[in-house]
Amino acid sequence: MEKLSKTIKIGITFFLLLGFAQTANAQFLKKLGKKAEKAAERAVERRVEKETTEKTDQALDSILEPGSKRKDQGGNPIPQSTEPNTSGSNSGTENTNDVSGGSDAGSKSIAVYSKFDFVPGDKLLFFDNFANDFIGDFPSKWNTNGGGEVVTLGDSSEKWLELISGYNIYFIPDVPTLPEEYTIEFDIMTVGLDRKTSSTAILRVDLSDDDKFKEGSNFVHASLPFCQYSAIGINMANHINNKREIYSTVKADLRDEVLNRPHVSIAVNKQRFRLWVNEEKHIDIPRIVPSGGVLKTLKFHMNNFKDGKERVFISNLKVAEGGLDLRRTLISEGKVSTNGILFDSGSANIQPQSMGIIRQISQVLQQETSMKLKIVGHTDADGNDASNMELSKKRADAVKNALVSVYSVSSDRLMTEGKGETEPMGDNGTADGKAQNRRVEFIKQ
């Protein structure tokens, strides 16, 4: 009996423990169920958010990028290469701009630029391609309150200044005091841009009365956009005596251009400011520059790029006085010399952004129907004398061929000559001097 009583007690205890365990387990499962339910809700929310974002992106694409080829047939974005594109129109190694019997691609490129009306200044003030700077150093002819270094990209030997992004950081080349009429040219390279690049990611070109690291009381700002998901436009702004007079955004879709080594050209003629990206003129504001030549300093500023991922480089900065009209000089003086006709390195292939000058020469010949011209090519002292003499003649011939094939000038009105490195205008030991020596002369006969 005692044994039976003990067995009953054990059984009751077991059932009580089992009941407690079931209750605790039920409570645990209930809590677990609530957590699972919340996790499921969060998963659904994330899924809905993702699908909504994709739908929104597709809707934005249809509005902002009609006909875009940036997605594959499945609607997926085509990934951007992280390698810089070095095959643009200014490459020193690519034969893409051959006027003297080159490829169809070159002919099309020249044809596109045949209406390009930018004319670079004829008196060189500053040129830097960082040829004399060491990789990893900040360039010797620049100043900054931030940082930056000279680099090479890919397999190319060309050197670039990598700019850094940040608030109130400026890069100031040692350009002499800016005159009232001048031109600015430079190349841009980018790495790491994609559809997440900020709509406020810009490279700003500043003309200022302050020669240090402030905006100044008088300035002009031109902000080039690098955003990839929308066509942001070029923002233009000025201050005259600390008072804003112009703040506008000019419609411009530069998304493809900034990925493919664009060449930027700027012309300042007293109060007038014009800006081209490659062959297309985007800005022409007649009275944005403060009068009286108060803007003396050129600066570069960039902001809102992701550090280490989105990288921007510039090179081949050229500043030259003049650039208004070579036609009057040729007619009045019978001779004009320009270093604004650019060629691929070591070749006679005309870079197409040089067509503005050739176009002006053709206009003189169309007006002065009896005029004949001698075209004379000059080189710097790199290479040996014989090869430079031959190269200068080929470059003169290429300019003649452009006048004949693009602008229909009769070939019997043009003769050519090459003088190689025999008549230097500048010091062949400096980048500035070499740029002055690489020139083309037009002489009335």
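Computed from a predicted model, the values in this text were never measured in an experiment.
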message: Any carboxylate oxygen within less than 4.0 angstrom of a Lys/Arg side-chain nitrogen, looking at Lys196 and Asp194?
response: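 Here Lys196 does not pair with Asp194 in a salt bridge, since their nearest N and O are not under 4.0 Å apart.
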
- prompt: Do Asp382 and Lys434 meet the salt-bridge criterion of a basic N to acidic O distance under 4.0 Å?
  reply: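 Yes, charged N to carboxylate O under 4.0 Å.
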
For atom [atom1] of [X], is the number of surrounding heavy atoms from other residues, nucleotides or ligands below 6.0 Å larger than 12?
{"X": "Met425", "atom1": "CE", "result": "no"}
{"X": "Lys309", "atom1": "NZ", "result": "yes"}
{"X": "Lys270", "atom1": "NZ", "result": "no"}
{"X": "Lys444", "atom1": "NZ", "result": "no"}

Backbone N/O of [Y] and side chain of [X]: donor-acceptor pair under 3.5 Å:
{"X": "Ser199", "Y": "Cys227", "result": "no"}
{"X": "Asp128", "Y": "Phe130", "result": "yes"}
{"X": "Ser354", "Y": "Leu342", "result": "yes"}
{"X": "Gln228", "Y": "Arg255", "result": "yes"}
{"X": "Asn238", "Y": "Ile246", "result": "yes"}
{"X": "Asn145", "Y": "Phe213", "result": "no"}
{"X": "Ser410", "Y": "Arg413", "result": "no"}
{"X": "Thr422", "Y": "Lys419", "result": "yes"}
{"X": "Asp253", "Y": "Ala231", "result": "no"}
{"X": "Lys394", "Y": "Gly418", "result": "no"}

From [X] [atom1] over to [Y] [atom2], what is the distance, rounded to the nearest 0.5 angstrom?
{"X": "Asn143", "Y": "Lys212", "atom1": "CG", "atom2": "NZ", "answer": "8.0 Å"}
{"X": "Phe126", "Y": "Lys141", "atom1": "CZ", "atom2": "NZ", "answer": "5.0 Å"}
{"X": "Glu280", "Y": "Ser265", "atom1": "CD", "atom2": "OG", "answer": "12.5 Å"}
{"X": "Ile443", "Y": "Lys374", "atom1": "CD1", "atom2": "NZ", "answer": "6.0 Å"}
{"X": "Ile184", "Y": "Phe300", "atom1": "CD1", "atom2": "CZ", "answer": "6.5 Å"}
{"X": "Ile188", "Y": "Asn316", "atom1": "CD1", "atom2": "CG", "answer": "12.0 Å"}

Which heavy atom of [X] sits nearest to which heavy atom of [Y], and what is that distance?
{"X": "Val150", "Y": "Lys159", "value": "CG1-CB, 3.9 Å"}
{"X": "Phe273", "Y": "Ile288", "value": "CB-CG2, 3.4 Å"}
{"X": "Val119", "Y": "Ile357", "value": "CG1-CG1, 3.9 Å"}
{"X": "Gly383", "Y": "Glu421", "value": "O-OE1, 3.9 Å"}
{"X": "Ala402", "Y": "Met355", "value": "CB-CE, 4.5 Å"}
{"X": "Pro225", "Y": "Leu254", "value": "CD-CD1, 3.8 Å"}

Quick check: do [X] and [Y] have side-chain heavy atoms less than 4.5 Å from each other?
{"X": "Ser392", "Y": "His378", "value": "no"}
{"X": "Phe442", "Y": "Val399", "value": "yes"}
{"X": "Phe171", "Y": "Pro173", "value": "no"}
{"X": "Phe186", "Y": "Val205", "value": "yes"}
{"X": "Ile202", "Y": "Asn304", "value": "no"}
{"X": "Leu295", "Y": "Pro290", "value": "yes"}
{"X": "Asp210", "Y": "Thr297", "value": "no"}
{"X": "Phe118", "Y": "Ile266", "value": "no"}

Testing the 3.5 Å rule here: is there a donor-acceptor pair between the side chains of [X] and [Y]?
{"X": "Arg274", "Y": "Asn269", "value": "yes"}
{"X": "Ser315", "Y": "Asp187", "value": "no"}
{"X": "Ser411", "Y": "Lys400", "value": "no"}

query: In terms of the angle between their ring planes, are Tyr170 and His301 parallel, tilted or perpendicular, with boundaries placed at 30° and 60°?
result: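 Ring orientation, 0 to 90° scale: tilted.
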
task: Output, in order, the C-alpha distance, side-chain angles, deciding distance and verdict of side-chain contact (heavy atoms from CB on, under 4.5 Å) for Leu224 and Leu275.
output: CA-CA 10 Å; Leu224 301 173; Leu275 183 147; 4.2 Å; yes

task: Decide side-chain contact (heavy atoms from CB on, under 4.5 Å) for Arg272 and Asp284; before the verdict, give the C-alpha distance in whole Å, the side-chain angles of both, and the deciding distance to 0.1 Å.
output: CA-CA 7 Å; Arg272 185 182 184 186; Asp284 191 347; 2.8 Å; yes

- prompt: For Asp206 and Phe219, what are the C-alpha separation, side-chain angles and deciding distance, and is it a side-chain contact (heavy atoms from CB on, under 4.5 Å)?
  reply: CA-CA 7 Å; Asp206 293 6; Phe219 63 74; 6.0 Å; no

- prompt: Which of these passes side-chain hydrogen bond (donor to acceptor under 3.5 Å, both in side chains) with Asp380: Arg439, Arg438, Gln436?
  reply: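 Considering Arg439, Arg438, Gln436, a side-chain hydrogen bond (donor to acceptor under 3.5 Å, both in side chains) with Asp380 is found only for Arg438.
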
task: Show the numbers, then the answer: is there a side chain to side chain donor-acceptor pair (under 3.5 Å) between Thr249 and Asn235?
output: CA-CA 4 Å; Thr249 300; Asn235 181 261; 3.2 Å; yes

field: Criterion side-chain contact (heavy atoms from CB on, under 4.5 Å) on Asn132 and Ser140, from CA distance to verdict
entry: CA-CA 9 Å; Asn132 296 324; Ser140 58; 5.9 Å; no

